[in-house]
*Asks:* 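Mind looking over this structure? Questions follow.
Source: prediction; values computed, not measured. Note that these values count all heavy atoms, side chains included, but never hydrogens, waters or copies made by symmetry.
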Amino acid sequence: MAPSRNGMILNPHFHKDWQKRVRTWFNQPARKIRRRKARQAKARLIAPRPVAGPLRPQVRCPTIRYHTKVRAGRGFTLEELKAAGIHKKTARTIGISVDSRRRNRSTESLQANVQRLKEYRSKLILFPRKASAPKKGDSTEEELKMATQLSGPVMPIKTVHTKEKARVISEDEKNFKAFASLRMARANARLFGIRAKRAKEAAEQDVEKKK
């Protein structure tokens with residue numbers, strides 16, 4: 001990079017056996033093969049379970065900047081599992097991730113994840129621990145024959161964008177002053193306590209005058 005403005009003339013010493021300190025990536029193609037083989041070995045080891053791991057919940061990103069985005073979370077809350085009728089210990093054994101720390105702040109997110117769990121449970125093919133002695137809740141032999149290992153994420157989260165139709169701007173919208181409204185709302189919030197205190201004092205004075 002060329003020096004900018006009226007600074008000191010650089011005198012870098014690049015003759016100090018620089019070849020020793022050069023970073024190369026000649027192992028990149030071999031590493032790519034190694035990672036691929038490791039993924040394949042893991043898939044074979046956990047088969048017929050999904051390659052991508054357990055089912056994840058649908059959550060919103062934090063902060064006002066990103067809260068419009070929906071993404072996959074860490075695990076389902078205990079409340080969501082209870083509403084779906086799945087025990088928290090059973091959930092982990094049938095490929096459902098559990099997060100005991102997350103809380104449900106809204107009814108919408110709770111209902112969406114409960115629906116997600118119910119849909120997953122209806123599609124799930126559950127292998128018996130002993131093939132000779134299947135238990136209640138295990139899948140039938142016909143369903144087991146149909147089972148294949150899922151390569152992508154389990155029930156991927158899709159963001160649906162609803163496009164709004166063009167329409168004529170109403171008179172109320174034309175006359176609305178957004179900046180003034182925001183300033184007024186901010187002032188009302190700031191002065192709420194002072195106004196309440198003044199109103200209380202005025203009421204007390206009126207009572208005293210009447211006496």
*Asks:* Who passes salt bridge (Lys or Arg N to Asp or Glu O under 4.0 Å) against R102, sequence neighbours left out?
*Replies:*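 Expected list: E80.
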*Asks:* Show me the pairs that pass salt bridge (charged side-chain N to carboxylate O under 4.0 Å, His left out) and involve residues 19-41, at least two apart or across chains.
*Replies:*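 Every salt bridge (charged side-chain N to carboxylate O under 4.0 Å, His left out) pair that includes a residue of residues 19-41, provided the two are not neighbours, is D17-K20.
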*Asks:* Running the 4.5 Å side-chain criterion over Ile, Leu, Val, Met, Phe, Trp and Tyr, what cluster does L150 land in, apart from itself?
*Replies:*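 ILVMFWY cluster around L150 also holds L55, F76, L78, L81, I86, I94, I96, V98, L117, Y120, L124, L126, V154, M155.
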*Asks:* Taking side chain to side chain donor-acceptor pair (under 3.5 Å) as the cut-off, I'd like each qualifying pair that reaches into residues 45-74, sequence neighbours left out, listed once.
*Replies:*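 Side chain to side chain donor-acceptor pair (under 3.5 Å) check on residues 45-74 returns no pairs.
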*Asks:* Apply side chain to side chain contact (heavy atoms under 4.5 Å, CB included) to Q111 and T107, showing your working.
*Replies:* CA-CA 6 Å; Q111 285 171 351; T107 316; 3.6 Å; yes
*Asks:* I need the minimum non-hydrogen distance between P153 and A52, along with the two atoms involved.
*Replies:*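 So the minimum-distance heavy-atom pair works out to CA-CB, 3.7 Å.
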*Asks:* Work out which heavy atom in V51 is nearest to a heavy atom in S151; give both atom names and the distance.
*Replies:*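 Closest approach of V51 to S151, heavy atoms only: CB-O, 3.9 Å.
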*Asks:* Nearest heavy-atom pair of F26 and P29: which atoms, and what distance?
*Replies:*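 For F26 versus P29, the nearest heavy atoms are O-CD, 3.5 Å.
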*Asks:* Mark yes when over 12 heavy atoms from residues, nucleotides or ligands other than Q19 sit less than 6.0 Å from its CD; otherwise mark no.
*Replies:*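 Atom CD in Q19 is packed in, count exceeds 12.
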*Asks:* Determine which pairs satisfy side chain to side chain donor-acceptor pair (under 3.5 Å) with at least one residue from residues 184-208, sequence neighbours left out, and list them in order.
*Replies:*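 Qualifying pairs, neighbours excluded: N188-R195.
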*Asks:* For residues 119-147, pull every pair meeting salt bridge (charged side-chain N to carboxylate O under 4.0 Å, His left out), keeping only residues two or more places apart or in separate chains.
*Replies:*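 Output for this query lists E119-K123.
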*Asks:* Donor-acceptor pair, R103 side chain versus S100 backbone, under 3.5 Å?
*Replies:*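 Side chain of R103 to backbone of S100, a donor-acceptor pair under 3.5 Å: yes, one is there.
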*Asks:* Can you see which heavy atom on P134 is nearest to which on P128, and at what distance?
*Replies:*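 Answer, listing the atom of P134 first, then P128: CA-CB, 3.9 Å.
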*Asks:* Please give me the minimum heavy-atom distance between V114 and A83, naming the atom from each residue.
*Replies:*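 Reported closest heavy-atom pair: CG2-CB, 3.5 Å.
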*Asks:* Measure across S97 and P54 and return the closest heavy-atom pair with its distance rounded to 0.1 Å.
*Replies:*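 Where S97 meets P54 most closely, the heavy atoms are N-CB, 3.9 Å.
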*Asks:* Is any side-chain heavy atom of F127 closer than 4.5 Å to a side-chain heavy atom of S139?
*Replies:*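 No, side chains not in contact.
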*Asks:* If we only count heavy atoms from C-beta on, is the M146 to L144 side-chain gap below 4.5 Å?
*Replies:*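 No, too far: nothing below the 4.5 Å cut-off.
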*Asks:* Within the 4.5 Å heavy-atom criterion, are V70 and I157 side-chain neighbours or not?
*Replies:*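 Of all side-chain heavy-atom pairs linking I157 with V70, at least one is under 4.5 Å.
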*Asks:* Keeping N104 on the side-chain end and S106 on the backbone end, is there a donor-acceptor pair under 3.5 Å?
*Replies:*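 Not confirmed, N104 side chain does not pair with S106 backbone.
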